[in-house]
Amino acid sequence: MRRTRLFLPTLKETPAEATIVSHRLMLRAGMVRQSAAGIYTWLPMGLRVLQKIAQIVREEQDRAGAQEVLMPTIQSAELWRGSGRYEDYGKEMLRITDRHDRELLYGPTAEEVITDIVANEITSYRDLPKNLYNIQWKFRDEVRPRFGVMRGREFLMKDNYSFDLDKEGAVHSYNKMFLAYLRTYARMGLKAIPMAADTGPIGGDLSHEFIVLAETGESAVFCDKALLELEAPGDDLDYENDLQPLVDQWTARYAATDEMHDPDKCDVADDQLVTARGIEVGHIFYFGTKYSEPLGAKVQGPDGQSITLEMGSYGIGVSRLVGAIIEASHDDNGIIWPESIAPWNVGLINLKVGDGDCDTLCERIYADLNAAGVEVLYDDRDERAGGKFADMDLVGIPWQLTVGPRGLKDGKIEVKRRADGEKSEIAVDALGDWIAARAAS
RNA sequence: CGGGAAGUAGCUCAGCCUGGUAGAGCACUACGUUCGGGACGUAGGGGCCGGAGGUUCGAAUCCUCUCUUCCCGACCA
């Protein structure tokens with residue numbers, strides 16, 4: 001992408017409404033603009049990141065055996081009356097009336113919709129288990145939206161729902177998601193710790209929140225230091241195996257959010273106990289037949305008997321993750337994107353637009369990177385050097401290539417790694433190898 | 001939902017107390033000098049001072065109502 005053509009409105013100053021760092025940086029880096037309280041427009045650079053995060057989530061869901069669907073944002077009140085939640089959900093649910101005075105709502109979650117589909121379409125035990133997910137906008141009319149996209153009213157969420165014949169199957173489905181979540185966060189460069197959680201309005205008796213530690217987190221958390229050392233499951237994870245031992249590794253040690261924290265039950269030695277703040281980036285639930293029972297989701301078993309399905313639901317706040325990752329990875333100059341979700345992997349700075357040699361070389365590098373499949377943001381603006389460097393740091397591109405007359409005299413260009421600021425020079429002749437290395441990573 | 005604050009140029013803000021031609025910096029446009037980590041000069045463009053009522057000869061400024069946004073707390077992917 002050429003910077004001169006890109007819509008990337010960066011700001012030198014911080015808009016007054018932003019108080020936490022991720023919100024400030026998202027506004028400054030031209031990722032989002034606020035439209036109303038807790039409601040945002042995603043600009044090109046923000047959308048690229050959002051889509052990359054969604055794609056990682058998608059890949060890990062698919063790998064764990066879930067299948068993608070797309071459910072409506074607007075749902076019928078009738079469906080929610082079926083589960084009894086239309087009245088229970090309270091003011092957080094945005095209720096809408098259409099021209100025929102039919103009651104609708106903007107979905108805050110989708111248990112009812114998906115359970116209704118499964119109730120209608122799945123009638124035999126042979127068709128189970130099933131795990132269906134979608135990545136869709138949700139709306140919860142928060143009393144007090146804040147922190148930018150971290151607590152918006154409208155937010156993008158991956159939510160999925162598992163359907164099993166019995167509790168054993170449901171727990172296996174739960175464990176799959178437990179491990180898939182660990183992998184998902186790890187791929188984004190995040191260390192997320194599962195913590196025993198309250199089940200809230202979703203209900204159920206088995207639940208974990210996935211918490212990223214960050215100073216600006218909304219809740220206090222307590223956990224065993226050893227959890228920070230645990231590695232997420234690798235590519236060799238086989239979801240069909242017994243997953244319980246792996247899950248137990250994570251759940252055996254103490255970890256709780258403040259609402260669940262009980263100092264009497266906390267057996268962690270003081271010097272092993274981490275007390276910190278955390279951002280909730282995912283929440284999983286097993287809740288049995290809470291929805292399948294009232295909504296009539298059942299199948300016929302091998303013996304002809306009717307079996308009510310065992311369910312779980314699982315959520316990842318995709319748009320919240322954008323903020324959470326920035327909270328976890330930034331410095332005074334701007335965002336530091338992990339390579340897996342960076343909007344562009346390489347930033348190419350032409351220090352002297354209009355200089356024949358610089359222009360020619362930049363065009364060549366730009367073409368070569370594109371040809372190699374490396375995503376590149378080419379700053380071809382006729383601006384001063386300082387502004388380009390500052391912008392590139394602010395936007396957080398992992399690798400920056402700087403082409404200027406000074407280096408070019410010696411046939412060299414500068415490479416800077418955003419993460420640690422380390423700079424080095426490479427010969428123009430060696431660029432092909434460097435590009436190949438980037439393409440391979 | 002309780003408590004507090006703020007709405008003036010795209011952004012950051014001054015002006016308001018004490019009513020009298022709407023300002024600065026950044027950003028933007030043009031020209032010139034500059035040019036390796038957010039330059040400088042000159043000349044420009046850009047405002048229903050959130051909205052509606054009121055007081056007054058006259059309101060960004062005073063009064064009333066209203067809308068919006070933000071912050072602190074109680075609640076939540």
Side-chain angles (χ1 to χ4, degrees), chain A residues 9-20 23-24 27-28 30 33-39 57 89-93 107-110 135-160 181 192 197-202 207-212 218-219 257-259 279-285 313-324 332-334 349-355 358 379 381-394 400 402-409 412-414 416 421 423 425:
Chain A
T10 55
L11 303 172
K12 212 152 50 163
E13 286 176 287
T14 303
E17 77 260 20
T19 54
I20 65 163
H23 191 196
R24 286 203 295 263
L27 291 169
R28 288 231 290 133
R33 288 294 181 263
Q34 182 166 320
S35 174
I39 300 177
V57 169
Y89 217 94
K91 288 190 164 181
E92 276 209 353
M93 179 186 283
T109 175
I135 298 173
Q136 177 64 292
W137 293 93
K138 303 294 189 293
F139 195 93
R140 293 183 191 173
D141 199 359
E142 297 281 345
V143 196
R144 189 181 161 209
R146 65 192 125 158
F147 303 150
V149 300
M150 301 252 287
R151 176 159 298 284
R153 290 192 293 172
E154 188 182 51
F155 58 96
L156 188 62
M157 180 165 91
K158 185 283 300 176
D159 47 316
N160 59 314
Y181 275 32
D198 198 9
T199 55
I202 309 264
S207 178
H208 286 91
E209 287 179 38
F210 289 77
I211 304 281
V212 171
E218 287 195 75
S219 51
T257 58
D258 50 0
E259 55 198 12
I279 301 167
E280 181 184 356
V281 292
H283 201 157
I284 61 178
F285 304 85
S313 76
Y314 317 89
I316 290 181
V318 176
S319 48
R320 172 179 284 184
L321 272 171
V322 179
D332 290 345
N333 296 325
I349 296 176
N350 183 347
L351 278 185
K352 193 159 187 182
V353 171
D355 175 276
C358 288
D379 195 341
R381 295 174 303 169
D382 187 10
E383 295 281 335
R384 299 171 63 80
K388 295 190 182 189
F389 289 132
D391 249 24
M392 216 45 108
D393 283 350
L394 173 63
Q400 297 171 14
T402 301
V403 175
R406 207 170 70 190
L408 228 48
K409 267 198 320 236
K412 291 189 170 157
I413 65 173
E414 186 185 283
K416 175 177 148 183
K423 293 176 192 169
E425 290 195 318

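As the structure is a prediction and not an experimental result, all values here were calculated from the model.
- Residue Glu218(A) holds its CD atom at 11.0 Å from CG of Asp258(A), rounded to the nearest 0.5 Å.
- Which of G73(B), C26(B), G36(B) sits closest to the side chain of Arg146(A) comes down to G73(B).
- With rounding to whole Å, Asp379(A) atom CG is found 13 Å from G38(B) atom C1'.
- Of all nucleotides present, none satisfies the Watson-Crick or G-U wobble test against G36(B) with each distance under 3.5 Å.
- Here the straight-line distance linking atom CD1 of Ile211(A) with atom OG of Ser219(A) works out to 5.0 Å at 0.5 Å rounding.
- Using the Watson-Crick or G-U wobble rule with both distances under 3.5 Å, A74(B) pairs with nothing in any strand shown.
- Protein atom CZ of Arg144(A) is 9 Å distant from nucleotide atom P of C70(B), rounded to whole Å.
- Of the P atoms belonging to A59(B) and U42(B), the separation is 36 Å, rounded to the nearest Å.
- Donor-acceptor pairing under 3.5 Å is lacking for the side chains of Asn350(A) and Lys352(A).
- Comparing A77(B), G38(B), G36(B) against the side chain of His283(A) picks out A77(B) as the nearest.
- Comparing the P positions of C63(B) and U69(B) gives a spacing of 25 Å, expressed to the nearest Å.
- G15(B) and U56(B) are spaced 28 Å apart, taking the P atom of each and rounding to whole Å.
- Within the 4.0 angstrom heavy-atom criterion, base atoms lie near Met150(A).
- Ranking G38(B), C13(B), G36(B) by closeness to the Leu351(A) side chain, first place goes to G36(B).
- Closest of all the heavy-atom pairs between Lys138(A) and Gln136(A) is NZ-O, 3.3 Å.
- Put simply, CZ on Arg33(A) is 10 Å from C1' on G10(B), counting in whole angstrom units.
- In the set G36(B), C75(B), C11(B), C75(B) carries the atom at the smallest distance from any side-chain atom of Glu142(A).
- Computed from coordinates, the Glu209(A) CD to C75(B) P distance equals 14 Å when rounded to whole Å.
- Across all strands, Asp393(A) comes closer than 4.0 Å to base atoms (heavy-atom distances).
- Nucleotide U64(B) has A52(B) as its partner under the Watson-Crick or G-U criteria, with both atom distances under 3.5 Å.
- Heavy atoms of Ala385(A) sit under 4.0 angstrom from primed sugar atoms or phosphate atoms, though from no base atom.
- Taking atom NE2 of His23(A) as the reference point, atom P of C11(B) lies 13 Å away to the nearest angstrom.
- With RNA chain B read from its 5' end, the first of the two nearest nucleotides for Lys91(A) and Gly386(A) is the one closest to Lys91(A).
- Rounded to whole Å, the C1' atom of A22(B) lies 8 Å from the corresponding atom of G47(B).
- Of the candidate nucleotides A77(B), C26(B), G37(B), C26(B) has the atom lying nearest to any side-chain atom of Glu13(A).
- From Ser313(A), atom OG reaches atom CG of Asp159(A) across 8.0 Å, with rounding to the nearest 0.5 Å.
- Backbone-only contact: Thr19(A) has heavy atoms under 4.0 Å from sugar-phosphate atoms and none from a base.
- Leu156(A) comes within 4.0 angstrom of nothing in the nucleic acid, heavy atoms only.
- A distance of about 40 Å separates the P atoms of U34(B) and C48(B), rounded to the whole Å.
- Across every strand in view, G44(B) sits in a pair with C28(B) that passes the Watson-Crick or G-U test at under 3.5 angstrom.
- The same atom, C1', is picked in U66(B) and in G58(B); the two are 25 Å apart, to the nearest Å.
- Ser207(A) places a side-chain N or O within 3.5 Å of a backbone atom of Ile284(A) that can act as its donor or acceptor partner.
- Residue Gly407(A) is classed as a base contact, given a heavy-atom separation below 4.0 Å to a base.
- For G37(B), the base has a donor-acceptor partner in the side chain of Lys423(A) [N/O atoms by modelled type, under 3.5 angstrom].
- Across all non-hydrogen atoms, the minimal contact from Met93(A) to Pro108(A) is CE-CG, 4.3 Å.
- Rounded to whole angstrom, the span from the NZ atom of Lys388(A) across to the P atom of C35(B) amounts to 15 Å.
- For the pair Arg384(A) and Lys416(A), nearest-nucleotide mapping onto RNA chain B gives the more 5' position to Arg384(A).
- Of the P atoms belonging to G44(B) and U18(B), the separation is 37 Å, rounded to the nearest Å.
- Residue Gln34(A) is in sugar-phosphate contact alone, with no base atom involved, counting any heavy-atom pair closer than 4.0 Å across all strands shown.
- Side-chain proximity of Phe155(A) to the nucleotides A77(B), C1(B), C13(B) is greatest for A77(B).
- G73(B) and A77(B): their C1' atoms are spaced 22 Å apart (whole Å).
- When rounded to the nearest whole Å, the span between CG of Asp391(A) and P of G36(B) equals 17 Å.
- Separating the CZ atom of Phe389(A) from the P atom of G38(B) is a distance of 10 Å, rounded to the nearest angstrom.
- The minimum heavy-atom distance linking Phe285(A) with Tyr314(A) is given by the pair O-CE2, 4.0 Å.
- As the counterpart of C13(B), G23(B) is assigned, both hydrogen-bonding distances of the Watson-Crick or G-U wobble pattern falling under 3.5 Å.
- Among the heavy atoms of the strands lying under 4.0 Å from Pro405(A) is at least one base atom, whether or not backbone atoms are also near.
- Pairing of A59(B), defined by two Watson-Crick or G-U wobble distances under 3.5 Å, is not identified with any nucleotide.
- Across all strands shown, Ala18(A) has no heavy atoms under 4.0 Å from either base or sugar-phosphate atoms.
- Residue contacts for Gly152(A): at a heavy-atom cut-off of 4.0 Å it reaches a base atom on one of the strands shown.
- There is a side-chain donor-acceptor pair under 3.5 Å between Thr10(A) and Asp391(A).
- Comparing U69(B), A77(B), G36(B) by their closest approach to the side chain of Ala36(A) singles out U69(B).
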